[in-house]
Amino acid sequence: MITPQDIRRSMIKMVARAESAHIGGNLSAVEIVHTLYSRVLDVDPARPDWEGRDRFVCKGTASAVLYTVLADRGFFPAERLAAYKADGGLFPVTERSELLPGVEASTTSMGRSLSLGIGMALAAQSMDRPYQVYVLAGDGECQEGQMWEAATLAPALGLDNLTLIVDHNGFQAFSSSETLMPRSGASGRFAAFGWDVHDVDGHDGDALADVLLRPKQGPRCVVAHTVKGKGLTFMENDVSWHGRRITRPELAQALRELR
């Protein structure tokens, strides 16, 4: 499987070619998605609809890294990534379900990812199936009311097959999360709702795999501390890269840094 550095290099070229945005939040999630598909998820690219597969519901703004990893795992040919963001194509900037092998659900509407994950986990529980459900959400998404309704429900249902991963890079669309919506730390909030909470370096694959593979009692929340724009000096912790498009000179610099 490709390395996180390979993912960043491939993803930057794809996003630049499509003149797309959301680069910063894709870069912060690279190690999370890479670790899930290389060391955690039980999936079969040859049978993407296999009923026993683990489910992964990805934050919509991380579609570029998700598509890149799915292509590497063999869910579809990597050549098809050339259609990323093409009008009417199967690779929108925020992922849609039913159109692409390996994509479990549409998360275009921010805040619904955890509710979707709860539905999948509850289905597995009610049908006595052993698959696990993993949900990746961003900082801005964790300010949605629907997220906290879902956060209240999951422990009440005792969903020990559900893991929420928060890509905690400290930023959202227009500013730092704390500037726009000051609040206590994410760990304390989820713990107060009854989640089994773990803080981890979101760019350390070994640390991520260790906590994600531990046995659970009830739902688990992994607060993955990450860096927006991770890996590129001119993007790191710069909120403008939530919506900016990368220029040709910037692409050249990015590829030099990602050698």
Side-chain angles (χ1 to χ4, degrees), residues 21-33 35-36 55-66 93-95 104-121 133-157 159 162-203 207-208 211-212 216 218-230 237-239 241-243:
H22 300 309
I23 302 172
N26 274 282
L27 289 168
S28 66
V30 166
E31 281 79 12
I32 297 170
V33 178
T35 300
L36 282 168
R55 271 67 166 173
F56 175 49
V57 180
C58 186
K59 66 174 187 173
T61 51
S63 64
V65 61
L66 176 63
V93 175
T94 52
E95 70 270 16
E104 294 289 350
S106 170
T107 52
T108 303
S109 179
M110 299 297 109
R112 65 196 297 262
S113 59
L114 184 54
S115 297
L116 290 166
I118 287 174
M120 295 175 186
V133 180
Y134 299 85
V135 176
L136 176 63
D139 283 320
E141 194 168 4
C142 287
Q143 294 178 6
E144 298 282 352
Q146 184 173 343
M147 283 288 293
W148 293 103
E149 291 180 29
T152 304
L153 179 62
L157 295 174
L159 296 177
L162 176 66
T163 299
L164 169 66
I165 307 167
V166 179
D167 179 14
H168 189 36
N169 62 39
F171 291 92
Q172 53 194 84
F174 303 109
S175 183
S176 73
S177 300
E178 286 299 318
T179 298
L180 287 174
M181 187 72 72
R183 63 187 193 275
S184 59
S187 302
R189 295 185 78 190
F190 279 102
F193 278 84
W195 289 70
D196 173 29
V197 180
H198 298 261
D199 286 83
V200 67
D201 179 351
H203 299 301
L208 283 163
V211 70
L212 289 170
K216 298 196 299 294
R220 173 167 294 160
C221 175
V222 177
V223 180
H225 296 267
T226 61
V227 176
K228 189 105 170 179
K230 175 69 175 178
N237 293 316
D238 184 346
V239 70
W241 287 104
H242 184 88

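If you read the sequence from its start, that first residue is 1, and numbering goes on from there. What's counted below: heavy atoms across the whole structure, side chains too, no hydrogens, waters or symmetry copies. Treat the numbers as computed from the prediction; the structure is a model and nothing was measured.
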Quiz prompt | Student check: side-chain heavy atoms of Lys228 and Asp238 closer than 4.5 Å | solution = no

Let me confirm one number: the [atom1]-[atom2] distance from [X] to [Y], rounded to the nearest 0.5 Å.
X: Thr152; Y: Met147; atom1: OG1; atom2: CE; answer: 11.0 Å
X: Leu164; Y: Leu136; atom1: CG; atom2: CG; answer: 8.0 Å
X: Asp196; Y: Lys216; atom1: CG; atom2: NZ; answer: 9.0 Å
X: Thr226; Y: Ile32; atom1: OG1; atom2: CD1; answer: 5.5 Å
X: Thr61; Y: Ile23; atom1: OG1; atom2: CD1; answer: 12.5 Å
X: Arg220; Y: Tyr134; atom1: CZ; atom2: OH; answer: 9.0 Å

Exercise. Can you sort out the partners of Ala154 under side-chain contact (heavy atoms from CB on, under 4.5 Å), two or more places apart, ordered by chain and number?
Key: Ile118, Leu159, Leu162, Trp195, Pro219

Exercise. Go through the structure and list residues passing side-chain contact (heavy atoms from CB on, under 4.5 Å) with Gln146, not counting sequence neighbours.
Key: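 Only Arg112, Ser115 meet the side-chain contact (heavy atoms from CB on, under 4.5 Å) criterion with Gln146.
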
Quiz item: Which residues satisfy the side-chain hydrogen bond (donor to acceptor under 3.5 Å, both in side chains) test with Thr35, sequence neighbours excluded?
Solution: none

Nearest atoms (heavy-atom pairs only) where [X] meets [Y]:
X: Gly117; Y: Val135; answer: CA-CG2, 3.8 Å
X: Ala207; Y: Val200; answer: CB-CG2, 3.4 Å
X: Asn26; Y: Val65; answer: OD1-N, 3.0 Å
X: Leu208; Y: Gly202; answer: CD1-O, 3.5 Å

Quiz prompt | Partner of Ser113 under side-chain hydrogen bond (donor to acceptor under 3.5 Å, both in side chains), chosen from Glu141, Lys59, Glu144 | solution =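 Looking at Glu141, Lys59, Glu144, the match for Ser113 under the side-chain hydrogen bond (donor to acceptor under 3.5 Å, both in side chains) is Glu141.
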
Practice problem: Would you check if the side chain of Thr107 reaches a backbone N or O of Cys58 as a donor-acceptor pair within less than 3.5 Å? | Solution: yes

Quiz item: Under 3.5 Å, side chain of Asn169 to main-chain N/O of Ser28, donor-acceptor pair present?
Solution: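 No, because the side chain of Asn169 does not come within donor-acceptor range (under 3.5 Å) of the backbone of Ser28.
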
Quiz item: Stepwise, does the side-chain contact (heavy atoms from CB on, under 4.5 Å) test hold for Phe56 with Leu66?
Solution: CA-CA 10 Å; Phe56 175 49; Leu66 176 63; 4.0 Å; yes

Exercise. If a pair satisfies salt bridge (Lys or Arg N to Asp or Glu O under 4.0 Å) and one of its residues is in residues 24-33, list it, with sequence neighbours excluded.
Key: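 Only Arg8-Glu31 qualify under salt bridge (Lys or Arg N to Asp or Glu O under 4.0 Å).
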
Practice problem: Not counting sequence neighbours, which residues clear ring pair (Phe, Tyr, Trp, His ring centres under 6.0 Å) with His203? List them please. | Solution: none

Quiz item: Do the ring planes of Phe193 and Trp148 sit parallel (below 30°), tilted (30 to 60°) or perpendicular (above 60°)?
Solution: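 Geometry flag for Trp148 against Phe193: tilted rings.
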
Exercise. Go through the steps for Val57 and Met120 under the test side-chain contact (heavy atoms from CB on, under 4.5 Å), then give the verdict.
Key: CA-CA 10 Å; Val57 180; Met120 295 175 186; 3.8 Å; yes

Quiz item: Sequence neighbours excluded, which residues qualify as salt bridge (charged side-chain N to carboxylate O under 4.0 Å, His left out) partners of Asp199?
Solution: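 For Asp199 there are no salt bridge (charged side-chain N to carboxylate O under 4.0 Å, His left out) partners, ignoring immediate neighbours.
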
